[in-house]
Amino acid sequence: MTLRGQATATRDTTLLLAGLAVAGLTVAGVAAVAPDAAHAQSAAPGAAVVLDAVTVEGRTDSAEATARKRLEAIPGGTALVVDEDLAGKANVTVSDALAGVPGVVVQNFFGGNDQPRIQIRGSGLQQNPVERGILALQNGLPLNRADGSYIVGLANPRQAELTEIYRGYTANRLGASVLGGAINFVSPTGSSAPGVRLGVEGGSFGQFNTTAQAGGRAGNLDGLIQVQHSRRDGFRDHNGSERTGFDANVGATLSDNVSTRFFAGYTDLGFDVAGPLTRQLLDSRPESVFGGPTVVNGVATNPGPNVVRDRPRREATQFRVGNRTTATFGSHLLDVALGYTHTDDSFRFPISSGIRNTEGGDVTAVARYAYNPDASQPLPLFETTVRYVVGSADREDYLNVAGSRGALFGRSKMDASTLALHSGLNVPLGAGVTLSPAVTITHATRENDDRFGAARRPTIAFNPANPNMALPAGSIPAGDTSYDRRYTGVSPSLGVTWKPTPDHTLFAAVSRNFEPPTHDDLIATVNGTPNSSAGRPNPAQPAFVSAAYRTPDLKAQTATTVEAGWRGRLGLLTVDAGTYYSWIRNELLSLRDVTGASLGAVNAGQTRHFGVDLGLTANLTDTLSGRLAYTFQDFRFHDDPVRGGNRLAGAPRHVINASARYDMTPALSVQAEVDWYPGKTPVDNMNTVHTSGYATVDLRTTYAVTERVSVYGEARNIFDKTYASSTLIVDQASATQAVYLPGDGRAFYAGLKVNF
């Protein structure tokens with residue numbers, strides 16, 4: 001970790017410990033679903049079933065059952081992942097947690113605690129390294145910044161006992177302003193997970209993880225704290241990563257109808273960016289890193305970043321505190337949440353983008369009201385949510401001089417706010433039919449104040465024929481990157497569910513969605529090359545005048561979506577199936593050129609997104625069970641003057657995850673899992689270069705030594721398949737370009753868990 005990172009970690013750790021001390025001395029509360037300390041922090045308590053208070057002894061599944069009943073009643077795509085679904089998996093990442101969820105596609109970049117590309121229904125598909133398109137929540141409070149961006153590596157499914165997934169417009173009820181949906185990671189509480197739990201695991205590629213958790217309840221008070229640390233050398237060169245996370249909550253029932261809960265958390269994340277490879281290197285040396293383009297007869301070939309020289313890396317910390325308080329008065333439920341996050345993000349990009357440091361804080365306020373006169377109904381008759389997020393960040397851009405921080409070439413003050421108001425009804429019409437009309441109104445601001453101050457911005461370059469030889473430094477006129485953008489959208493929706501029998505639910509919906517751009521869409525470093533910094537498109541010409549930044553006047557992307565689905569049980573088989581079609585205008589695409597350098601973001605005009613999501617689970621016998629998650633995606637440009645009806649780059653057409661589990665004895669189980677991406681996926685929007693499909697097979701086993709001690713082992717990619725788990729996304733690619741990101745080779749892991 002850098003000295004800057006160490007100083008920040010020390011400061012934020014001090015803040016965390018102070019916050020935990022305050023929380024431990026403060027009367028805190030129970031979960032926001034109902035005045036019962038066992039309930040988890042659902043993202044939408046206003047839509048929850050209000051249950052009678054119960055006394056909890058040990059662990060209970062009531063929070064899972066409540067969340068599942070509510071999610072299945074929503075007329076749209078939803079899903080729930082519980083910690084038992086991840087049993088036996090070592091080094092659980094976001095990819096592992098969401099692999100069995102149809103409609104959610106996660107593509108690994110570098111393995112370990114990195115920045116996988118995560119997308120739902122294509123929103124944010126081409127955005128990386130900072131994500132957009134999904135509202136990421138922990139206990140109902142956002143990991144996103146005020147402008148909608150988030151760092152996916154800050155999400156830790158290992159510290160969640162439930163994960164709620166809302167696809168598409170169903171996230172509007174949370175106050176979301178995105179097209180993709182929302183994911184809420186729900187932490188255990190002292191009531192749901194009492195006692196002490198310790199875990200250790202390790203294995204291939206230098207992987208080593210430790211976890212500790214302690215929780216308990218005394219009267220109306222409960223509390224829980226989790227500590228987790230992981231490190232990894234990585235499958236590839238320049239592929240190390242480490243992550244340390246703390247998560248704590250303290251809660252209490254203040255009265256028969258009022259409860260409150262305080263949260264505090266801290267994450268310190270760091271990982272090397274191993275970068276892409278050419279097809280030739282992917283096939284021959286997938287563990288290597290790329291050294292940049294080579295010059296043959298004066299012509300650069302095999303374009304791509306020079307990872308060996310530039311040493312790209314990311315270090316990010318986030319400190320989170322928050323409170324949620326719920327009051328119930330007969331049929332009325334009021335839930336209020338307030339949270340603050342402080343994020344410090346340092347990214348050492350390849351030379352074309354430099355080193356970017358962004359630090360700032362965001363405040364979130366959420367108020368939800370629900371009226372539910374009929375407790376037998378899974379959704380309230382009326383619900384409304386107001387969500388306001390405001391934040392500010394300082395950003396500095398420095399030259400990347402062979403992996404070291406060079407001169408400052410940009411400084412900005414970025415402010416953002418997003419206000420969303422959602423109101424909806426769930427009206428029972430009889431005969432099992434419920435009508436759910438709703439509307440969401442969103443207003444967002446994005447402001448940037450260019451505070452660089454100097455008249456010229458410095459540039460550097462290296463000799464393309466000798467990439468370690470520096471060329472004369474240069475400079476360009478500074479210009480002004482300031483902007484002030486305002487976005488307002490109205491998103492109505494109409495959903496209907498029909499429950500002909502208790503075991504079957506059919507739904508259909510038509511909706512509008514609205515998503516404003518983030519700061520990373522609105523300002524981007526441009527006109528760099530694999531051997532020169534932003535603003536210097538020709539390394540050999542230090543005096544050539546070219547802009548270092550692009551600040552496009554982007555529109556918000558909007559979508560009209562129709563969808564339908566069925567959830568039901570047929571004997572031993574449980575089915576969750578849905579399909580959707582979206583007409584999207586002004587889709588936000590983050591483009592790169594043939595070298596991988598940023599071209600900034602653009603509005604794509606019209607695009608079409610069609611998809612099918614299918615989830616199947618079956619308990620075939622008392623000892624044998626299986627699961628299948630299938631996602632089909634066909635995302636295309638529509639009458640684009642340049643790209644015609646091409647497929648959008650980066651979206652695999654078919655994604656299949658299947659697993660089977662056999663309980664050999666009450667204590668011993670074995671499981672096999674297949675990840676299969678059949679067919680080719682376009683790397684570029686011109687559809688000239690594709691990545692091949694692949695399949696990997698994992699095996700795992702779990703053995704309960706005693707009621708308190710269990711061991712597990714896992715073998716991943718047992719056939720040692722060489723494949724690209726993801727790619728860069730460019731507008732028009734070259735066949736020799738470094739765009740392929742290798743997946744891990746064969747790996748073995750083992751772990752031990754102890755409960756007290």
Side-chain angles (χ1 to χ4, degrees), residues 43-44 46-47 70-79 102-104 119-125 132-135 148 164-183 379-380 382-385 387 418 420-427 429 433-444 487-498 505-516 555-567 576-588 606-613 633-635 638:
R70 172 176 47 79
L71 290 170
E72 290 181 352
I74 294 173
T78 62
V104 181
Q119 55 98 355
I120 301 176
R121 299 187 174 183
S123 184
L125 169 67
R132 160 178 59 70
I134 293 173
L135 176 60
E164 301 173 319
I165 295 96
Y166 302 80
R167 298 194 290 269
Y169 91 103
T170 62
N172 287 0
R173 67 184 59 224
L174 313 183
S177 300
V178 293
L179 301 190
I183 299 175
L379 298 177
F382 173 74
E383 57 183 313
T384 188
T385 299
R387 179 176 180 269
T418 303
L421 170 63
H422 172 85
S423 294
L425 295 166
N426 302 286
V427 184
L429 300 180
V433 177
T434 300
L435 191 67
S436 300
V439 64
T440 303
I441 302 172
T442 305
H443 178 70
Y487 303 93
T488 301
V490 179
S491 305
S493 63
L494 178 63
V496 61
T497 59
W498 178 38
T505 302
L506 290 87
F507 66 84
V510 58
S511 61
R512 290 275 293 174
N513 285 90
F514 172 85
E515 182 175 344
K555 299 178 181 179
Q557 59 182 13
T558 59
T560 299
T561 301
V562 294
E563 57 188 288
W566 164 51
R567 303 183 183 101
D576 187 351
T579 184
Y580 63 90
Y581 192 93
S582 297
W583 293 263
I584 301 179
R585 289 186 176 274
N586 301 311
E587 181 164 1
L588 293 163
Q606 297 187 53
T607 53
R608 302 287 187 263
H609 290 200
F610 170 61
V612 177
D613 308 325
Q633 302 180 130
D634 187 27
F635 305 156
H638 180 72

Can you tell me which residue among L174, I183, L135 is in a side chain to side chain contact (heavy atoms under 4.5 Å, CB included) with Y166?
L174

When every non-hydrogen atom of A508 is compared with those of P75, the smallest separation belongs to O-CB, 4.3 Å

Heavy-atom pair of closest approach, residues N586 and A556:
CB-O, 3.6 Å

P516 and A444: which non-hydrogen atoms are nearest, and at how many Å?
CG-CB, 3.8 Å

Residues that E587 engages under side-chain hydrogen bond (donor to acceptor under 3.5 Å, both in side chains), provided they are two or more places apart
T607, H609

With sequence neighbours left out, what residues match S491 under side-chain contact (heavy atoms from CB on, under 4.5 Å)?
N172, T440, R512, F514

Which atom names give the shortest non-hydrogen contact between T385 and G175, and what distance separates them?
CG2-N, 4.3 Å

Partners passing side-chain hydrogen bond (donor to acceptor under 3.5 Å, both in side chains) against T505 (at least two apart in sequence or in another chain)
K499

Side-chain donor-acceptor pairs under 3.5 Å in residues 576-583, sequence neighbours left out?
unit_1, atom_1, unit_2, atom_2, d
T579, OG1, G611, O, 2.9
S582, OG, T561, OG1, 2.7

In Å, rounded to the nearest 0.5 Å, how long is the span from CG of L179 to CG of N513?
5.5 Å

At what distance, to the nearest 0.5 angstrom, does CZ of F635 lie from CZ of F610?
10.5 Å

Using every non-hydrogen atom in the two residues, find where A420 and T442 come nearest and quote the distance to one decimal.
CB-OG1, 4.2 Å

With side-chain contact (heavy atoms from CB on, under 4.5 Å) as the criterion, how do L494 and V496 come out once you've worked through the C-alpha distance, each side chain's angles and the decisive distance to 0.1 Å?
CA-CA 7 Å; L494 178 63; V496 61; over 6 Å; no

Restricting to side-chain contact (heavy atoms from CB on, under 4.5 Å), what partner residues turn up for W498, sequence neighbours left out?
V433, P500, L506

Does S493 have any side-chain contact (heavy atoms from CB on, under 4.5 Å) partners at least two apart in sequence or in another chain, and if so, which?
Y169, A438, S511

Backbone of L588 reached by a side-chain donor or acceptor of Q557 within 3.5 Å
yes

By side-chain contact (heavy atoms from CB on, under 4.5 Å) - contacts of T384 (at least two apart):
Y369, F382, L421, S423

Smallest separation among heavy atoms of I584 and A559, with atom names
CG1-CB, 3.7 Å

Polar side-chain atom of R167 near backbone of P102 as donor-acceptor pair, under 3.5 Å
yes

Holding to side-chain hydrogen bond (donor to acceptor under 3.5 Å, both in side chains), I want the full list of residues that pass it with T78, two or more places apart in sequence or in another chain.
R567

Qualifying residues under side-chain hydrogen bond (donor to acceptor under 3.5 Å, both in side chains), relative to T497, sequence neighbours excluded
none

Tell me, please, which residues at least two apart from E515 pass salt bridge (charged side-chain N to carboxylate O under 4.0 Å, His left out).
R132

Please, which pairs that meet salt bridge (Lys or Arg N to Asp or Glu O under 4.0 Å) have at least one residue in residues 555-566, sequence neighbours excluded?
R121-E563

Got a sec, which residues hit salt bridge (charged side-chain N to carboxylate O under 4.0 Å, His left out) with R387, two or more places apart in sequence or on another chain?
none

Would you mind reporting whether L379 and T434 have side-chain heavy atoms less than 4.5 Å apart?
no

